[in-house]
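Values in this document were obtained by computation on a predicted structure and should not be read as measured data. Just so we're on the same page: letters track the sequence lines, and every chain starts at 1.
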There are 2 protein chains.
Amino acid sequence: MQFALATAGLAPLLNAGSAPHLGPRQEAGVGSRRRFEADEEIYAEGDRAAHFYKVVSGAVRTYKLLDDGRRQIAGFHLPGDIFGVEAGEEHRFGAEAVTETTLAVHRRSDREALARDGGALAREVVAAMMGALDRAQEHMILLGRKSAKERIASFLLGLAERTRSATAVELPMSRGDIADHLGLTVESVSRSLTQLERAGIIELPTNRRMVVLRDKATLRRLDA
Amino acid sequence: MQFALATAGLAPLLNAGSAPHLGPRQEAGVGSRRRFEADEEIYAEGDRAAHFYKVVSGAVRTYKLLDDGRRQIAGFHLPGDIFGVEAGEEHRFGAEAVTETTLAVHRRSDREALARDGGALAREVVAAMMGALDRAQEHMILLGRKSAKERIASFLLGLAERTRSATAVELPMSRGDIADHLGLTVESVSRSLTQLERAGIIELPTNRRMVVLRDKATLRRLDA
DNA sequence: CGACTCTTTGAACATGTTCAACAAGCGTGG
DNA sequence: CCACGCTTGTTGAACATGTTCAAAGAGTCG
C-alpha cells in the first residue's frame, strides 16, 4: 500500500523528463543469484556502482567508516529489501553480509529487467530509494535526539515491524552492529537490553540473537 | 557536474517503468513566487504534499518534533536548493523559513513545468532527492559518531562549501537551530564555537550570525 | 574439551547536559 | 538619541548519561 502510494505519487515527477531510450536486447534473468558468507564484503565504499541488489535471504549492513575506525551503520537490509542504488557513479557506503546471505544481483543498466511486468522492478527500485530517504531521516531523529533506552526501543519495534514477527524478533546482527547503527557502544546496548529485561518488557533467551517483546505497549511508550 | 552524473546514472532506472501520461495543458509558469517572513511555517508535518519548493532567497529548515518538544532539524535549505519533494502523499517533516525567504512554488502534479527545457526541472527534482539521501546518510555519521567539536567543524565547512564563500560564512540560523541540527544543546554549540575562536581557528565578529574561517586546514583536521 | 568470540557486568571517567545567571544585541518607543 | 525590554548568546558549576577500561561469564565451533 505504502509502496503503491509512493510510486504513484512520484511518477509524474520522474517520467516527465526524458523518454526511455531502450538499448539492444540483453541477457537479463530476474537477476543472478549470489551467495555471501557472514561478514563477506559485497562492495566497498567508493566502488563503481555497477549493480544493485535485492536481499533474498540473510541480512546486509551498509556502513561508512571514519579514518580512526569509528563506524556508522546506515541501515540493515532484510529479505525483500533493495539496496545499493546510487545517485552517482560510485557507492557512497560499503555493504557487507551480516549472516550468510543470498542476493539477487541486478545490473544497473539492465533496462529489460527493469521494464519487465510493466516496470515492476523499476517502481520497486524507486520506492526503495524513497524508503531509504524516509528511514535515513527518521534515523536522524533517533541519533540526534533520543536516549539510549529510546534508541533500543525504537530499534526493536522497527525490527519487529519489518519482519512482521508478532513478538519474537530474531537479531541477525551482533551487539556491535546494533551499537554502530544506534550511535552507542556495545556496552550501552547490552546494558539497555538488560534493563528492559529486568523491567519485564523484553525477554532475552539464552540464544542471545533473539528477543521476545513481552510488552510492546510499554516499549512504544519508551520510544519517544 | 555532480548533478549531471546523478541524473544520468539514475535515468535508466527511473524511465523504464511507466510512460509519461500527459494530462491536458495547464497553467504553469516557472513556479509562483511566495514570500515568507522569519519563522513562518511553510508546511507542517503531515500536511498534504501538494507542492514542492525551490529556495530563491533566504533559508529554510525542515524538521521533526518528538512529543515532548525535542526537535531534530533534518537540514537547512539555501538559495537554489529544492525541498518538500515527498515519496508519499504527505510531508514527513515540517518546513519553516529561517529568515525572510522567497520561494518558487511548484505544483507537484505540474507536468508541463517539469517537462519544460527537456525536463530540466524534473531532473533537478530527482537530483534533489538523491542529494537529500546523500546528505541524510552523511549526517547520520555526524550524529552517530562525531564529537561536538567535530560536528561544529563539519557544519562550518559544509556551509562554507555550499555557499561558495571563501572564508566568511553567514549563519542565517540561530544557535538553537544549529544545536537541533547537530544533535547538541545551544550551550554546547556556543562553547564549541568559543573554543574554536580561542584556538584561533575561527573568528566570531560581534555580529554573531557570522563566522570567519581563519584556518580551514585545521578545521578539516578537526572534522574526523 | 578447549580456544575463541560475543556478551555482560562493574567501576572510574568524560563529554555534553542541565540549571542558572549574566552579557550583548536589537528593536521599540519615549 | 538614549532608555528600556526582549531575545539571543555566552559562561559557569553541578550533574547525568553514556563511554572507557577491565574482567569475567556464556555460547559456539573446532
Side-chain angles (χ1 to χ4, degrees), chain A residues 37-39 61 66 68-72 98-100 142-156 170-199 202-211 222 224, chain B residues 37-39 61 66 68-72 98-100 142-156 170-199 202-211 222 224:
Chain A
E37 53 184 86
D39 296 320
R61 57 179 174 253
L66 294 178
D68 62 356
R70 280 175 286 177
R71 181 179 64 155
Q72 177 64 40
V98 174
T99 57
E100 182 166 320
L142 181 147
L143 293 172
R145 286 299 176 221
K146 292 189 184 178
S147 72
K149 238 173 297 180
E150 290 169 343
R151 294 181 197 204
I152 294 289
S154 266
F155 179 69
L156 293 178
E170 206 200 320
L171 304 175
M173 69 295 287
S174 71
R175 300 292 192 263
D177 283 345
I178 298 174
D180 284 349
H181 182 48
L182 301 183
L184 300 169
T185 59
V186 226
E187 294 93 334
S188 291
V189 170
S190 184
R191 275 186 249 272
S192 298
L193 285 171
T194 303
Q195 284 175 35
L196 291 178
E197 184 176 41
R198 292 226 175 94
I202 63 171
E203 213 170 296
L204 298 166
T206 47
N207 167 16
R208 256 60 248 285
R209 292 298 176 94
M210 196 117 238
V211 179
L222 278 181
Chain B
E37 54 184 85
D39 297 321
R61 57 178 176 256
L66 294 179
D68 61 356
R70 280 176 285 178
R71 180 179 65 156
Q72 177 65 40
V98 173
T99 58
E100 183 166 320
L142 180 146
L143 294 172
R145 286 298 176 224
K146 292 189 183 175
S147 72
K149 236 174 298 180
E150 289 169 344
R151 294 179 197 205
I152 294 289
S154 267
F155 178 69
L156 293 178
E170 205 201 322
L171 305 175
M173 69 294 286
S174 71
R175 301 292 192 265
D177 284 345
I178 298 174
D180 284 348
H181 183 49
L182 302 183
L184 299 169
T185 58
V186 226
E187 294 93 333
S188 291
V189 170
S190 183
R191 275 187 249 273
S192 298
L193 286 170
T194 304
Q195 283 175 36
L196 290 178
E197 184 176 40
R198 292 228 175 91
I202 64 171
E203 211 171 297
L204 297 167
T206 47
N207 168 14
R208 256 64 245 287
R209 293 297 178 92
M210 196 118 238
V211 179
L222 277 183

Just the table, please: protein N/O against nucleotides 11-15 of chain D N/O, every pair under 3.5 Å.
from	atom 1	to	atom 2	distance (Å)
dT11(D)	OP2	Thr194(B)	OG1	2.7
dG12(D)	N7	Arg191(B)	NH1	2.9
dG12(D)	O6	Arg191(B)	NH2	3.2
dA13(D)	N6	Arg191(B)	NH2	3.3

note = Rounded to 10°, the helix from dC1(C)-dG30(D) to dG30(C)-dC1(D) deviates from straight, judged by its five-pair end axes, by 40°
The criterion is side chain to side chain donor-acceptor pair (under 3.5 Å); which residues satisfy it with [X], sequence neighbours excluded?
{"X": "Asp68(A)", "answer": "Arg70(A)"}
{"X": "Glu197(A)", "answer": "none"}
{"X": "Ser190(A)", "answer": "none"}

Quick one: closest heavy-atom pair of [X] and [Y], and the distance?
{"X": "Val186(B)", "Y": "Arg175(B)", "value": "CG1-CB, 3.5 Å"}
{"X": "Lys146(A)", "Y": "Glu150(A)", "value": "CA-OE1, 3.2 Å"}
{"X": "Ala153(A)", "Y": "Leu222(A)", "value": "CB-CB, 4.1 Å"}
{"X": "Thr99(B)", "Y": "Pro172(B)", "value": "CG2-O, 3.5 Å"}
{"X": "Ser192(A)", "Y": "Ile152(A)", "value": "CB-CG1, 3.6 Å"}

Straight-line distance of Thr194(B) OG1 to Leu204(B) CG, nearest 0.5 Å =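 It comes to 6.5 Å.
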key: Distance, nearest 0.5 Å, that separates CG of Leu171(A) from CE of Met173(A)   = 6.0 Å
key: Nucleic acid contacts - residues 173-180 of chain B versus DNA chain D, non-hydrogen atoms under 4.0 Å   =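 Heavy-atom cutoff 4.0 Å gives Ser174(B), Arg175(B).
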Nearest-neighbour nucleotide for the Thr185(B) side chain, dT19(D), dT8(D), dT17(C) considered =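 So the side chain of Thr185(B) is nearest to dT17(C).
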Distance check needed: [N] [atom2] versus [X] [atom1], whole Å only.
{"X": "Leu184(A)", "N": "dT15(C)", "atom1": "CG", "atom2": "C1'", "answer": "15 Å"}
{"X": "Leu204(B)", "N": "dA24(C)", "atom1": "CG", "atom2": "C1'", "answer": "14 Å"}
{"X": "Arg209(A)", "N": "dT5(C)", "atom1": "CZ", "atom2": "P", "answer": "14 Å"}
{"X": "Gln195(A)", "N": "dT7(C)", "atom1": "CD", "atom2": "P", "answer": "18 Å"}

ask   = Quick one, which residues of residues 142-154 of chain B touch DNA chain C with a heavy atom under 4.0 Å?
value =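 Here the set is Ser147(B), Ala148(B).
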Please name all residues satisfying salt bridge (charged side-chain N to carboxylate O under 4.0 Å, His left out) with [X], sequence neighbours left out, ordered by chain then number.
{"X": "Arg61(A)", "value": "Asp39(A), Glu96(A), Asp177(A)"}
{"X": "Glu100(B)", "value": "Arg35(B)"}
{"X": "Lys149(B)", "value": "none"}

ask   = Can any side-chain N or O of Arg71(B) pair as donor or acceptor with the backbone N or O of His181(B) at less than 3.5 Å?
value =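 No, Arg71(B) side chain to His181(B) backbone: no donor-acceptor pair under 3.5 Å.
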message = Just to be sure I understand the rule, does Leu193(B) reach a base, reach only the sugar-phosphate, or reach nothing, if contact means heavy atoms closer than 4.0 Å?
response = nothing
request  = Decide yes or no on side-chain contact (heavy atoms from CB on, under 4.5 Å) for Leu142(B) and Gln72(A), but give the supporting numbers first.
outcome  = CA-CA 9 Å; Leu142(B) 180 146; Gln72(A) 177 64 40; over 6 Å; no
Listing time: all N or O pairs from protein to nucleotides 26-29 of chain D that are below 3.5 Å?
none

inquiry  = According to side-chain contact (heavy atoms from CB on, under 4.5 Å), who are the partners of Glu170(B), at least two apart in sequence or on a separate chain?
reply    =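 Glu170(B) satisfies side-chain contact (heavy atoms from CB on, under 4.5 Å) with Met210(B) only.
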